[in-house]
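One-based numbering along the sequence shown. Only this structure's heavy atoms are used, side chains among them; waters, hydrogens and symmetry mates stay out. Computed from a predicted structure; not experimentally measured.
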Amino acid sequence: MRRPRGEPGSRAPRPTEGATCAGPGESWSPAPNSMLRVLLSAQASSARLSGLLLLPPVQPCCLGPNKWGDHRPPGGGPHAGPVQGLQRLLEQPPPVEQATLQDLSQLIIRNCPSFDIHTIHVCLHLAALLADLPAQKTEMRRTEDSLTKTAGLQSRAAPSLPPLTLCLSGFPSDGPLMCALEQERRFRLPPKPPPPLPPILRGGQRLEAALSCPCFQRRPQQHLIRSLAEARPEELTPHVMVLLAQHLARHRLREPQLLEAIAHFLVVQEAQLNSKVVQKLVLPFGRLNYVPLEQQFMPCLERILAREAGVAPLATVNILMSLCQLRCLPFRALHFVFSPGFINHVSGTPHALIVRRYLSLLDTAVELELPGYRGARLPRRQQVPIFPQPLITDRARCKYSHKDIVAEGLRQLLGEEKYRQDLTVPPGYSTDFLLCVSSCGSVLPVRAQDPFLPYPPRSCPRATRDPAQRVVLMLRERWHFCRDGRVLLGSRALRERHLGLMGYQLLPLPFEELESQRGLPQLKSYLRQKLQALGLHWGPEGG
């Protein structure tokens, strides 16, 4: 708190000699200038020096508040006071002989075992101040020269500093005085307690500690496998296995041994797991496009869904979404989530929109992949676009995408009117680039055609003279794959699979091929070869 200022004209009380004031968060210590003044004035008597060094510390005194709310003396920052005070001090005492400094040094060394920690700190500060005297004298001389020139007094000699004689040698930082004081200071410090012994972590505990560490490496498969192999069955708790599943899904680690361990845990612990935990354990299988070898994996999930479907609607559709990516949809669970009772129940929940989006995708999967399904379906009025905007990963990594350079290559190769970029086709799948192609392979202007194929797909093709095909160029960026770079993530594989089933002809552009192109001319040549391999031609000379 600020102290109230005095009345105009009043003076703040003079500080007690030897005191300095501390600002916020600073520790207090006596001013070394005052300590030096006292010690140098007592150089005639070693006994008096010893007595002075054993004086108790002086209580602090304040000069009044300043704009920082502390009580620093005016005239500069925290180091300005000692420098100015030293200059004033050197102007007052007579020159100090080297013998006096040596006697002072030996006196302090002999008596420092009997000093308290406060006096040791004062002596250390004093010795350091004396060691810095040459630098301070040089700085003060430069300051005086600068002031003299600024005032236009070059013709007058600058006022000389008082002679410092042999005291300028000070006390070296590695001399006996500093060593003795520093050793005594360390001796007075309270002993540090020994560090606790690291606990012996077993396999499951070590696995949990590693997965919970924010600095954990992204691809520590061997470490995870070793920790998992050393764990006993009772150590593998649902919490540990959920952490493992989330780690694999987050970092796209398609590690079969770890995924099989999760699948086995789910089967063994089926009776103890609810659907909210199961959705987290199943997540990496759909995301990493991995169907486990565990034979009881699918029957176990069907039983859990039958038991828990009405308890946690969002967890239920999340489990079905993972199974949809694996092309393993159980009919019984689909009957339940498409029932009017379930749909009416989720319509009034905070997750209604996301659940309807997932149900729309599940209905698309039923339409395209399950021709034998005869159960309930999602009513048309409840359907919403599956992916109304680009996926989060594509938005986050757009600056690393090849989409812009591919778009420029297509523009120069085909012309702007013969392709569409980022077009979303029913029932809600985005396409990177879409071309309309005649039956003879000629690339047509897109705006003169209907770019969309009918959905749901018709049982027989349209009977027209020149039915146009739809070719979709799909960028396969590096982050569209698992870490091994060979298997598409489940969501990407699902989109391509459904677009193909709807009648679109797919032309994948893998990241390895795109990254190997050096410059736009080489990329245009690459795109020309890709399109011509499909039998496409364009322009008056076929491009």
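Closest approach of Lys418 to Leu435, counting heavy atoms only: O-CD2, 3.2 Å. Minimum interatomic distance between Leu362 and Cys324 (heavy atoms only, all atoms of both residues): CD2-CB, 3.9 Å. Between Pro427 and Thr364, the shortest heavy-atom distance links the atoms CG-OG1, 3.5 Å. Counting all heavy atoms, side chain and backbone alike, Val337 lies closest to Ile343 at O-CG1, 3.7 Å. Shortest non-hydrogen contact noted between His480 and Leu475 is ND1-O, 3.3 Å. Leu273 approaches Val277 most closely through the heavy-atom pair CD2-CG1, 4.1 Å.
Looking at Glu367 and Arg377, a side-chain N of the basic residue comes within less than 4.0 Å of a carboxylate O on the acidic one, giving a salt bridge. Contact check on Arg476 versus Glu496 returns a salt bridge, with a Lys/Arg side-chain nitrogen under 4.0 Å from an Asp/Glu carboxylate oxygen. A salt bridge links Lys403 with Asp422; the closest basic N to acidic carboxylate O contact falls under 4.0 Å.
For the atom pair CG (Leu236) and CD (Glu208), the distance works out to 10.5 Å, reported to the nearest 0.5 Å. Met241 CE to Gln246 CD: the interatomic distance, rounded to the nearest 0.5 Å, is 12.0 Å.
The closest side-chain donor-acceptor pair between His402 and Glu477 falls under 3.5 angstrom. Counted by atom type alone, Gln421 and Asp432 present zero donor-acceptor pairs between their side chains at under 3.5 Å.
The neighbour count for Arg327 CZ, taken as heavy atoms of other residues, nucleotides or ligands under 6.0 Å away, does not exceed 12. Enclosure of atom CZ in Arg332 is not indicated, since only 12 or fewer non-hydrogen atoms of other residues, nucleotides or ligands lie within 6.0 angstrom. Applying the 6.0 Å contact sphere to CD of Glu512 captures more than 12 heavy atoms from other residues, nucleotides or ligands. Counting non-hydrogen atoms of neighbouring residues, nucleotides and ligands closer than 6.0 angstrom, the CD atom of Gln183 reaches no more than 12 such neighbours.
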*Dump the intermediate steps for ring pair (Phe, Tyr, Trp, His ring centres under 6.0 Å) on Phe511 and Phe481, then the final yes or no.*
CA-CA 10 Å; Phe511 70 90; Phe481 290 82; 5.5 Å; yes
_Pair Gln383, Leu361 - check side-chain contact (heavy atoms from CB on, under 4.5 Å), show working._
CA-CA 9 Å; Gln383 295 180 4; Leu361 190 146; over 6 Å; no
*For the pair Ser430 and Arg495, evaluate side chain to side chain donor-acceptor pair (under 3.5 Å) and give the outcome as yes or no after the intermediate values.*
CA-CA 9 Å; Ser430 62; Arg495 178 175 66 161; 2.9 Å; yes
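A distance-only check finds a donor-acceptor pair linking the side chain of Thr349 to the backbone of Val346 [under 3.5 Å]. Distance alone, capped at 3.5 Å, is enough to place a donor-acceptor pair between the Asp363 side chain and the Leu378 backbone. At least one donor-acceptor pair under 3.5 Å links the side chain of Arg470 to the backbone N or O of Ala468. In this structure a side-chain-to-backbone donor-acceptor pair under 3.5 Å is present from Arg483 to His251.
Note on residues 408-428: no pairs pass ring-ring contact (aromatic ring centres under 6.0 Å, His included), not counting sequence neighbours.
Under the 4.5 Å side-chain criterion, counting only non-hydrogen atoms from C-beta, Ile225 is in contact with Leu258. Side-chain contact between Val311 and Asn274: absent, with no pair of heavy atoms (C-beta onward) separated by less than 4.5 Å. Counting heavy atoms from C-beta outward, Arg447 and Glu417 have side chains that stay 4.5 Å or more apart. Glu408 is not listed as a side-chain neighbour of Lys524, based on a closest heavy-atom distance of 4.5 Å or more. For the pair Thr316 and Leu305, the minimum side-chain heavy-atom distance is below 4.5 Å. A heavy-atom distance below 4.5 Å is not found between the side chains of Gln469 and Ser438. Taking the side chain as every heavy atom from C-beta outward, Phe338 and Tyr373 approach each other to under 4.5 Å. Counting heavy atoms from C-beta outward, Gln296 and Pro299 have side chains that approach closer than 4.5 Å.
Between Leu506 and the options Val471, Val472, Leu473, a side-chain contact (heavy atoms from CB on, under 4.5 Å) holds for only Val472.
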Counting only pairs under 3.5 Å, give me each side-chain donor-acceptor contact of residues 279-287, with atom names and distances, residues two or more places apart or in other chains.
unit_1: Gln279; atom_1: OE1; unit_2: Asn318; atom_2: ND2; d: 2.8
unit_1: Gln279; atom_1: NE2; unit_2: Lys276; atom_2: O; d: 3.4
unit_1: Arg287; atom_1: NE; unit_2: Ala249; atom_2: O; d: 2.6

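Aromatic pair His351/Tyr358: ring centres not closer than 6.0 Å.
Remark: Glu260 pairs with no residue by the salt bridge (charged side-chain N to carboxylate O under 4.0 Å, His left out) rule, at least two apart or across chains.
Between Phe387 and Tyr429, the angle of the ring planes lies from 30° to 60°, which puts this pair in the tilted group.
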